Amino acid sequence: MTEKTALTPSTHTAPPAKFSHGVKKGNILQVAGQVGFLPAVEGQAPTPAGPTLREQTLQTFANVKAILEEGGASWDDVMMMRVYLTDVDHFAEMNEIYNTYFAEQNLKEAPSARTTVYVGLPKGLLIEIDALAVLS
């Protein structure tokens, strides 16, 4: 049986509770929900990028990508992404940012995605993204 491996890139702070930023088991890699925190600085609390949706979305993509790479994956391995927004009015802008970002990644195929609006993020955070990757 394949062991589970917890993934925490050097750009991320340790999780605030007993969970992992990502977990890999066999050829499956699950990236936990990531937000737009800037790279970790030792001794400092996490700092959100922003305050704009664009800045936070691009930082969130970078945070997801760091975990994918830590687990030996890339955007081409992502099968599904879930995007959570705190404001329904951000849908159009997020779609534009998403489309531009993934067009620049030169992917064979874009991952499937689902977007949900909810209000459960800490103050100042506008977006959260998780991803499921299957490695070859």
Side-chain angles (χ1 to χ4, degrees):
M1 178 157 6
T2 306
E3 295 283 323
K4 285 195 308 189
T5 303
L7 305 170
T8 299
S10 62
T11 54
H12 288 54
T13 59
K18 189 161 176 62
F19 65 85
S20 302
H21 287 292
V23 174
K24 182 177 176 184
K25 183 171 181 173
N27 68 337
I28 305 292
L29 192 163
Q30 176 66 54
V31 177
Q34 298 297 299
V35 294
F37 285 140
L38 294 169
V41 176
E42 192 169 332
Q44 291 184 11
T47 305
T52 69
L53 178 66
R54 176 172 300 280
E55 291 166 306
Q56 287 193 22
T57 301
L58 294 176
Q59 184 61 54
T60 302
F61 284 147
N63 294 343
V64 170
K65 185 178 180 183
I67 297 166
L68 291 170
E69 291 174 348
E70 184 81 8
S74 72
W75 286 119
D76 273 318
D77 298 307
V78 174
M79 300 296 293
M80 175 67 177
M81 291 179 39
R82 285 175 291 271
V83 178
Y84 304 94
L85 297 171
T86 59
D87 188 333
V88 71
D89 291 335
H90 290 162
F91 259 98
E93 183 181 1
M94 191 282 301
N95 284 337
E96 180 270 318
I97 297 163
Y98 184 99
N99 288 341
T100 300
Y101 180 86
F102 282 104
E104 293 170 354
Q105 300 306 306
N106 299 314
L107 302 178
K108 296 174 194 161
E109 297 293 336
S112 63
R114 177 175 193 267
T115 302
T116 301
V117 175
Y118 82 122
V119 293
L121 292 177
K123 184 177 172 83
L125 293 173
L126 305 173
I127 187 167
E128 179 178 341
I129 299 174
D130 67 50
L132 174 67
V134 179
L135 289 74
S136 308

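All residue numbers refer to positions in the sequence shown, counting from 1. Basis for what follows: all heavy atoms, side chains included, without hydrogens, waters or symmetry-related copies. It should be emphasised that the depicted structure is a prediction, and the values quoted were computed from it without experimental measurement.
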Is the shortest side-chain heavy-atom distance between [X] and [Y] below 4.5 Å?
X	Y	value
D130	Q30	yes
T8	E70	no
L126	L121	no
R54	E96	yes

About how many Å separate [atom2] of [Y] and [atom1] of [X], when rounded to the nearest 0.5 Å?
X	Y	atom1	atom2	answer
H90	L53	NE2	CG	5.5 Å
L58	N63	CG	CG	11.0 Å
N106	D76	CG	CG	9.5 Å
Q56	L85	CD	CG	10.5 Å
D77	N27	CG	CG	9.5 Å
I97	T60	CD1	OG1	10.0 Å

Original post:
Is it true that atom CE of M80 has more than 12 heavy atoms of other residues, nucleotides or ligands lying nearer than 6.0 Å?
Top reply: yes

Following the transitive rule for hydrophobic clusters with a side-chain heavy-atom cut-off under 4.5 Å over Ile, Leu, Val, Met, Phe, Trp and Tyr, establish whether [X] and [Y] coincide in one cluster.
X	Y	result
I67	Y101	yes
W75	V83	yes
V35	Y118	yes
V88	M94	yes
V64	M79	no

**OP:** Kindly determine whether F102 and M81 satisfy side-chain contact (heavy atoms from CB on, under 4.5 Å), including the steps that lead there.
**Re:** CA-CA 12 Å; F102 282 104; M81 291 179 39; 3.7 Å; yes

Closest heavy-atom contact between [X] and [Y]?
X	Y	result
L135	G71	CD2-O, 3.6 Å
D89	D87	N-OD1, 2.8 Å
T86	V117	C-CG1, 4.1 Å
P48	F37	N-CD2, 3.7 Å
A133	A73	CB-CB, 4.4 Å
Y98	A113	OH-CB, 3.4 Å

**OP:** I would like to know whether H21 and L7 meet side-chain contact (heavy atoms from CB on, under 4.5 Å); could you show each step before the answer?
**Re:** CA-CA 6 Å; H21 287 292; L7 305 170; 5.9 Å; no

**OP:** Please list, chain by chain and in numerical order, all residues satisfying side chain to side chain contact (heavy atoms under 4.5 Å, CB included) with A66, sequence neighbours excluded.
**Re:**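 Listed in chain order: P9, T11, H12.
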
Original post:
Out of V134, L68, L29, which residue meets the side-chain contact (heavy atoms from CB on, under 4.5 Å) rule with V78?
Top reply: L68

